[in-house]
Structures are given as C-alpha cells and as structure tokens.
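Below: one structure, written as structure tokens.
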Amino acid sequence: STQKARTGRLKKPFVKVEDMSQLYRPFYLQLTNMPFINYSIQKPSSPFDMDKPSSTQKQTQVKLRIQTDGDICGGIPVQVHLKEKKKKGYCECCLQKYEDLNAHLLSEQHRNFAQSNQYQVVDDIVSKLVFDFVEYERDMPKKKRIKYNV
Ligand SMILES: [Zn+2]
C-alpha cells in the first residue's frame, strides 16, 4: 500500500527537477498559481507580488492587531518579541542546528568554541591590518567628579 501511495502523476501545475544520472531524489514545486509577471503593480514592487486590494487590507488588519497586543504587554510590540524569541539557524562552529540563537550562544559547546583558539585564523589576518584610529583612554566617571569638586 505504501508503494501505491508513492506512485502516480503530479497534480498540475508543477515544476519537477531531477539529475540526469538519476542518482538523487527529484524535488518539486507545486502551487495553485504559478508566478505571473504583473506589469501593473507600482515600482519598485516585485512583479511577482500580487496587488489584490482585498489581501492588502487583510495584511494591514493583522499588523494593527499585533500592535494592539504589543501595547498590552508593556509597550513592546509582539512582533519584536517573536523575532527575538525564534531565531532558528545553524551554527557553523558547533556544526549544530539550534532553535533559539541566544540560547545556543549560551550553551556549553558554543562558549567553549568562542573561548578557544579556533579564531587564530582571524587573528592572523587582523594582525596584518594597521590600527589608525585615535584611541582614547577609558572614561573614568569617578575622576571627573573629583575634578569638578576641586
Ligand atoms: Zn555554536
């Protein structure tokens, strides 16, 4: 029955790409509407953007709702919260996927790497550059106070 489910024809419209040697799995794109070049949309919008007024209205409504929610939780927009929370990605140092960037940066594995000598290749290049900025001494707030008092 599994084989039966895996055979057949693709539902149109579709794009199917496969290597000629047939060593790799094909991959597919199936959409209800294939891209359409929309010349009537205003520049610099993508010609693949749809300019249906109804969908634009819907998007605006969603945005407004998010902003309202943001006001409820301390003036910080929910959108910002979500962006900060869900920074998924892949760490090229640890060779590891992560669900939350900041949580990964605090993980033992990543901190070990960050404090290792694996950045020697970077430091070697940096050491060839010339430092030509003005370098001020650190501001000492206590010293300033003493000066004003005197
Ligand atoms: Zn890492």
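As the structure lists them, so they are numbered: ligands from 1, and atoms in each ligand from 1. Residues take their numbers from the sequence shown, with the count starting at 1. Since this is a predicted model, take the numbers as computed values, not measurements.
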| query | Using 30° and 60° as the class limits, which term best fits the ring planes of His104 and His110: parallel, tilted or perpendicular? | reply | perpendicular

| note | In terms of heavy-atom contacts, Glu92 and Leu95 come closest through O-CD2, 3.6 Å

| request: List in chain and number order the residues that pass side-chain hydrogen bond (donor to acceptor under 3.5 Å, both in side chains) with Glu18, two or more places apart in sequence or in another chain; answer none if no residue qualifies. | output: none

| request: Everything protein-side that's N, O or S and under 2.8 Å from the Zn ion (ligand 1): list it, residue and atom. | output: Cys91 SG, Cys94 SG, His104 NE2, His110 ND1

| Which pair of non-hydrogen atoms, one from Ile41 and one from Ser46, has the smallest distance, and what is that distance? | CG2-O, 3.7 Å

| Nearest heavy-atom neighbours spanning Lys16 and Pro26 | CE-CB, 3.9 Å

| said: Can you confirm whether Tyr24 is buried at OH, in the sense that more than 12 heavy atoms of other residues, nucleotides or ligands lie under 6.0 Å from that atom? | reply: no

